[in-house]
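What follows is one structure encoded as structure tokens, with my remarks underneath.
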Protein chains: 2
Amino acid sequence: MRPGLGPLYRQVKQRVIRNLIDEVWKPGDMLPSEPRLAESFGVSPGTVRRALDELVAENLLVRQQGKGTVVSRHDPERSLFHFFRLVDAVGERPTPSSRVLACGSRRAERAEATRLGLPTGAAVVVIDRVRSVAARPLLVERLVLPGRLFGALAELAPEQLPNTLYTLYEERFGVTVYRAAERIRAVAADAREAGLLAVALATPLLEIDRLATTLDGAAVEWRLSRCRTDAHHYAVELV
Amino acid sequence: MRPGLGPLYRQVKQRVIRNLIDEVWKPGDMLPSEPRLAESFGVSPGTVRRALDELVAENLLVRQQGKGTVVSRHDPERSLFHFFRLVDAVGERPTPSSRVLACGSRRAERAEATRLGLPTGAAVVVIDRVRSVAARPLLVERLVLPGRLFGALAELAPEQLPNTLYTLYEERFGVTVYRAAERIRAVAADAREAGLLAVALATPLLEIDRLATTLDGAAVEWRLSRCRTDAHHYAVELV
DNA sequence: TAGTGGTCTAGACCACTTT
DNA sequence: AAGTGGTCTAGACCACTAT
């Protein structure tokens, strides 16, 4: 294809990613078969296969033997499975329910703008909610989204916000979260958090500061969660 | 090789792992070349390659172009890079120093025995230490190790314990940690922790509960750390 | 120069899904 | 029966390392 840009299979991979960014192939779409892709890219099937191997490993594509290869979708299971790391004492993932406290749009505060890479004073959508497991509050969180991408979201009634927002982002706004970076700290519950979570003032809470990005590297959500960790914990596997 | 045991390359992979467990190839050793392995396993080079690909992805092997493939070692950088997830405000990994408070052997308490999969009352080595960054205490932790594997460790003077213990485990005791599971919670500092970390009583701390295992699945270290997170945080990348 | 891993190709056969 | 991804093989050439 082109010299000097690294191995062929990586060039193929980048062209596939390009098509995903440009929405030539959208979440849920079936890709052309591997022989067809090989022909259209002008490389051998083995080279296409290697490129797709990496994209599957990165959760961008899903292979289905006998059927074909599709672009990953944020169905609720996937969202929870890949991005929700709180588990209970025996390692089971809970299925939390959400209660929206507030949802509206306003101008970004300075910290919000810098974190999201927006100009100061840009419009943002802000959602405050509590997530509970078995009627027991687990965490309180604030989400800040760029208004440019999510303007219409602020108009939605709180009841219309689903529990797994990434599915909504994808289906209603064409925004696919594919990666997130989390920073985790321990903090003390303030009065509001203590009330919402039904714990004593200054109870230690786990703070999860998440920045979610799309394929092209743009930050699309800043989420600051504060969690009780008496019945749940954050699970990490190190290899 | 054998039918019904899944793909050939996975059988090859398992035989390589078997050789690692049996210490036919030890950390730092060079493996036979891929054509040689293919011949000895009776498969094609491509099949060996695929097996090694997975083992490299799991950090068990390291390929070096032009030289060969070696078994991964726990050199200090690798230990820190793979298993130490605390970073400072700008995302840099600190290089902590350790001060050992106590190191000795005794019988396991019940929680320790169950966590490590040992019979009740089995001998364990216990290490208490504080780790600091730039003379500022970052965390206090207790490590519990099976006495059967680490008996001689209790005799070492505290000054002889290096900062990155996994290197010591590997070089002196033939124990290679290759995986760890962490459970993270927020807790309040007790009097001892507050003193050691120079924080107020009941300051929120990040508790990291880590169980480290070897290739054959045996638990070889239980580590309970409590960390200040005012200047550092735990970093996770979600994909 | 010889040996190693890294890439790329080509083709065969299998397992699975759909028509 | 046809098409898809999954596996396995075989061989060519390249980039890098050692001697």
Side-chain angles (χ1 to χ4, degrees), chain A residues 1-17 19-20 24-73 78, chain B residues 1-17 19-20 24-73 78:
Chain A
M1 298 168 91
R2 290 208 204 152
L5 297 175
L8 241 193
Y9 72 89
R10 281 204 194 279
Q11 298 177 43
V12 171
K13 180 183 174 186
Q14 286 309 314
R15 289 183 60 172
V16 172
I17 289 179
N19 282 339
L20 296 175
V24 176
W25 303 317
K26 297 198 206 31
D29 286 356
M30 185 85 70
L31 257 62
S33 74
E34 294 177 3
R36 229 180 287 277
L37 283 172
E39 200 197 351
S40 77
F41 286 139
V43 301
S44 82
T47 302
V48 167
R49 185 144 242 296
R50 184 151 183 195
L52 296 194
D53 279 342
E54 292 199 352
L55 293 166
V56 168
E58 294 168 20
N59 295 317
L60 290 174
L61 303 177
V62 177
R63 285 211 183 90
Q64 296 170 290
Q65 188 175 14
K67 296 174 69 176
T69 301
V70 301
V71 182
S72 297
R73 290 182 348 118
R78 189 201 166 207
Chain B
M1 294 165 93
R2 290 207 205 153
L5 297 175
L8 242 193
Y9 71 89
R10 281 204 196 278
Q11 298 177 42
V12 171
K13 181 184 174 185
Q14 287 309 315
R15 289 183 59 172
V16 173
I17 289 179
N19 281 340
L20 296 176
V24 176
W25 302 317
K26 296 197 205 31
D29 285 357
M30 185 84 71
L31 257 61
S33 75
E34 294 177 3
R36 229 179 288 277
L37 283 173
E39 200 197 350
S40 76
F41 286 139
V43 300
S44 81
T47 301
V48 166
R49 186 147 241 297
R50 184 151 182 195
L52 297 194
D53 279 342
E54 291 200 353
L55 293 164
V56 168
E58 294 169 21
N59 295 317
L60 290 174
L61 303 177
V62 177
R63 287 212 181 89
Q64 295 170 290
Q65 190 174 12
K67 296 174 70 176
T69 300
V70 301
V71 182
S72 297
R73 290 181 350 117
R78 187 200 167 208

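Since this is a predicted model, take the numbers as computed values, not measurements. Numbers restart at 1 for each chain; the letters A, B, ... are given by sequence-line order, proteins then strands.
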>> Checking the side chain of Thr69(B) only, and the main-chain atoms of Leu31(B) only, is there a donor and an acceptor separated by less than 3.5 Å?
In response: no
> If you look at every strand shown and take non-hydrogen atoms under 4.0 Å, does Arg36(A) touch a base, only sugar-phosphate, or nothing?
Replying inline: sugar-phosphate
> Roughly how bent is the helix from dT1(C)-dA18(D) to dT18(C)-dA1(D) end to end, in steps of 10 degrees, with each end axis from five pairs?
Replying inline: 0°
>> When you measure from the side-chain N and O atoms of Thr47(B) to the phosphate of dT7(D), is any distance below 4.0 Å, counting only OP1 and OP2?
In response: no
> Does any non-hydrogen side-chain atom of Val16(B) lie less than 4.5 Å from one of Trp25(B)?
Replying inline: yes
>> Generate the contact string for nucleotides 10-19 of chain D. Rules: B means base contact, S means sugar-phosphate contact only, - means no protein heavy atom under 4.0 Å.
In response: S----BBSS-
> Does Ser33(B) make a side-chain N or O approach to OP1 or OP2 of dG3(C) shorter than 4.0 Å?
Replying inline: no
>> The criterion is side chain to side chain contact (heavy atoms under 4.5 Å, CB included); which residues satisfy it with Lys26(A), sequence neighbours excluded?
In response: Glu23(A), Asp29(A)
> What is the nucleic acid contact for Arg49(B), judged by heavy atoms within less than 4.0 Å: base, sugar-phosphate only, or nothing?
Replying inline: base
>> Is it the case that over 12 heavy atoms from other parts of the model lie below 6.0 angstrom from the CD atom of Glu58(A)?
In response: yes
> Is the distance from OP1 or OP2 of dT7(C) to the nearest side-chain N or O of Arg50(A) less than 4.0 Å?
Replying inline: yes
> When you check the phosphate oxygens OP1 and OP2 of dT7(C), does a side-chain N or O of Tyr9(A) lie under 4.0 Å from one of them?
Replying inline: yes
> Under 4.0 Å between a Lys/Arg side-chain N and an Asp/Glu carboxylate O for Arg63(A) and Asp53(A)?
Replying inline: yes
> Is the phosphate of dT4(C), meaning OP1 or OP2, less than 4.0 Å from a side-chain N or O of Arg63(B)?
Replying inline: no
